[in-house]
There are 2 protein chains.
Amino acid sequence: MTSNKAKVDLRDVARLAGVSLGSASRAINGAGASQAVQQKVEQAAAQLGYRPNHAAQSLRSRLSRTLGCLLPDIANPLYAQVFRALEDELLGVGYLPLLANGANDEDREVRALSMFTHRGMDGVILAPGNERSARLADALKALPMPAVIFDRELPGQHDSVLIDHAAGVRGAVERLMQFGHRRIALAVWQGDTRPVRRRIQGYRAAFTGAGLAVPDLVVQAENVTASAFAEISGLLARPHSPTALIVQGTHMLTSALRAVAARGLRMPEDISIIAIGDTPFAREHDPAVSVLTIDMQVAARHLVSLVLSRINEPSLPARRERVDLRYEHRGSVVGSSRR
Amino acid sequence: MTSNKAKVDLRDVARLAGVSLGSASRAINGAGASQAVQQKVEQAAAQLGYRPNHAAQSLRSRLSRTLGCLLPDIANPLYAQVFRALEDELLGVGYLPLLANGANDEDREVRALSMFTHRGMDGVILAPGNERSARLADALKALPMPAVIFDRELPGQHDSVLIDHAAGVRGAVERLMQFGHRRIALAVWQGDTRPVRRRIQGYRAAFTGAGLAVPDLVVQAENVTASAFAEISGLLARPHSPTALIVQGTHMLTSALRAVAARGLRMPEDISIIAIGDTPFAREHDPAVSVLTIDMQVAARHLVSLVLSRINEPSLPARRERVDLRYEHRGSVVGSSRR
DNA sequence: ATGAAAGCGCTAACAG
DNA sequence: CTGTTAGCGCTTTCAT
């Protein structure tokens, strides 16, 4: 300990370095100081153990170097992955993500946005639970900082990063067709959100694109956290039960596996399965489950780049980036043997 | 819009309300203003759409009203639950959690702590990956704000919230014993962290407490994210294979279920299973899996209460709160039929 | 490139 | 209880 003051401030550093406060600031921020000053200030700062005061920086520069991240549910591995990727991406450029759980609760989402405003976030990344919430739309419109939407379609012009669910699911269906499957089922959540809509859309497009009738094999679970066991069991009990199944998320995957087992079927011999979203569970299952994966690094990179560029250039036109759903083949998909 | 200034500040509010800046501040903060002033200020604030500037509040009051939360891995449902509970708890008292993923990476943890310092966190809640990291211990010691440790035993005196894994697992083993089980196995992660140590300890205590020899039925997975399929399969292949199994976490639960199925055994008829940590998967499995659950609301309440009380009263002695592991009985546990 | 000075928006200390 | 005043620690003019 060299000082006996409670806290070291930049003034102390400047004094020890024998330069003015302004020069010390410039040196610390690497903004136009001579080699000599730079060196002296850095040494003084190190010697005193100087840490800049973020509140003061923030107040003066009007930049918090923080991005509010409003995600539906951090317990969902998908969003946990996004957050983790955002963290990696932001930390590298001196930014920080501030996470808030939306919890599919309009009220909570609006409050989070308000909190982001109060806390002076430089920008916001958000994936609201409900795309049609008027209150959220209003809150979003009133936001004083730029926002980027993740995988949702909201009214108005926004920068957004969209996962290409339609193409992904279509590709998966086509892959299954190549394996000889025709009775291909799709299990998704109930609820009218972009991911669900697009997946169904892609599913249909695969059949119509192949000149086939779209089979009546789409089931929707009651809500995001519900098991789809009953729905999938019902599907499997039909006379011409599906030979392949695409399911949304880990949760539905486990339901599907249970339904398959309960019916005395084997995977993949009797039914091939593709899950949407990669998880350790899918990877380590036996057989490992083929998945449509999202490269969250890529998604995060786009999100960050969109919001940071707009902070610097607010008048940019609204942009949208697409992120592919990549098919990863594993043991859960084989040729169809049943007719 | 009533104003044409870029931003409304408290001075504007005070002016419109016809009171001094100080009075306006007191009214906004609910700290000693007369009814009349209170009312006028509130109305003026509402009319102007005033939002306090958090950086300025923070700079002046030396309080960020933010708690740094360093958790090992937000993708782990357990920690996602803690964060969610912390968020609920803190939002209610005007605080905010700032989440950082430690990722079981010493470097990352130390950096997170440094970032917490820079950002002026009022306190820190942390669950480091490695309890014996000297660098982390040093960083922790140098922390200028109070810290509370979650479910870890770190060198030095700290406030902490500890899950009572030992009693929990002991209780679970005893429960299984009441069901007639004797060959009870325990599958936990490798690695020397408090939760693992305590669970093994509780497991042993159950046997010695019952006057029985501790069976050689504890297996440890290679690492936190590894599947324990091989280890558990090995266990089940032994001549006197276990009739009951306690597994740690969702991940190992799925491994265990797979191993059981692969061996041609049925759950619960051939083997009873208890998982540590409740998840939708465990609840919705068929049969539903009995679990040892942690009430994260309670844990979060203790964490917040400890850190906030220490902010106000830094000289308090180190305290530790215990949180029970509660057994929740479901269909995966039945009487032992095998000998 | 550097120093001096101003002030970001707010709260706290003080006097009345 | 209220108004006045002084900064919190920093960045950013503005001169030089």
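Residue numbers begin at 1 in each chain, while the letters A, B, ... track the order of the sequences.
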Would you say [X] places a side-chain N or O within less than 4.0 Å of OP1 or OP2 belonging to [N]?
X       : N      : value
B:Ser34 : D:dT2  : yes
B:Ser23 : D:dG3  : yes
B:Ser20 : D:dG3  : yes
A:Asn29 : D:dT11 : yes
A:Gln57 : D:dC10 : no
B:Ser61 : C:dT11 : no

Interatomic distance where [atom1] belongs to [X] and [atom2] belongs to [N] [whole Å]:
X       : N      : atom1 : atom2 : value
A:Ile28 : D:dC10 : CD1   : P     : 9 Å
A:Arg11 : C:dA5  : CZ    : C1'   : 10 Å
A:Leu48 : D:dG9  : CG    : C1'   : 15 Å
A:Asp12 : D:dC10 : CG    : C1'   : 13 Å
B:Asn53 : D:dC8  : CG    : P     : 18 Å
B:Leu21 : C:dA13 : CG    : C1'   : 14 Å
B:Leu10 : D:dT4  : CG    : P     : 14 Å
A:Arg26 : C:dA4  : CZ    : C1'   : 10 Å

Which nucleotide in the list [options] gets nearest to the side chain of [X]?
X       : options                : result
A:Tyr50 : D:dT2, D:dC10, C:dG3   : D:dC10
B:Ala56 : C:dT2, D:dT11, C:dG9   : C:dG9
A:Arg60 : C:dC8, C:dG9, C:dG3    : C:dC8
B:Leu59 : D:dG9, C:dT11, C:dT2   : D:dG9
B:Asp9  : C:dC10, D:dC10, D:dT11 : C:dC10

Using atom types as modelled and distance alone, determine if a side-chain donor or acceptor of A:Ser64 lies under 3.5 Å from a backbone N or O of A:Ser58.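 Answer holds: no.
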
Would you call A:Asp12-A:Lys7 a salt bridge at under 4.0 Å N-O?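 Not counted as a salt bridge, because no side-chain N and carboxylate O are separated by less than 4.0 Å.
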
Check: [X]/[Y] side-chain N/O donor and acceptor closer than 3.5 Å:
X        : Y        : value
A:Gln57  : B:His118 : yes
B:Glu42  : B:Gln38  : yes
A:Tyr50  : A:Asp9   : no
A:Ser309 : A:Arg319 : yes

Would you mind classifying the nucleic acid contact of B:Ala33 as base, sugar-phosphate or nothing, using non-hydrogen atoms under 4.0 angstrom?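 Result for B:Ala33 = sugar-phosphate.
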
Does B:Arg62 reach a base, just sugar-phosphate, or nothing at all? Heavy atoms under 4.0 Å.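 Sugar-phosphate, backbone atoms only, no base.
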
For A:His54 and B:Gly18, find the nucleotide of DNA chain D closest to each by heavy atoms; which residue's nucleotide sits nearer the 5' end?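 With A:His54 and B:Gly18 compared, the 5'-side residue is B:Gly18.
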
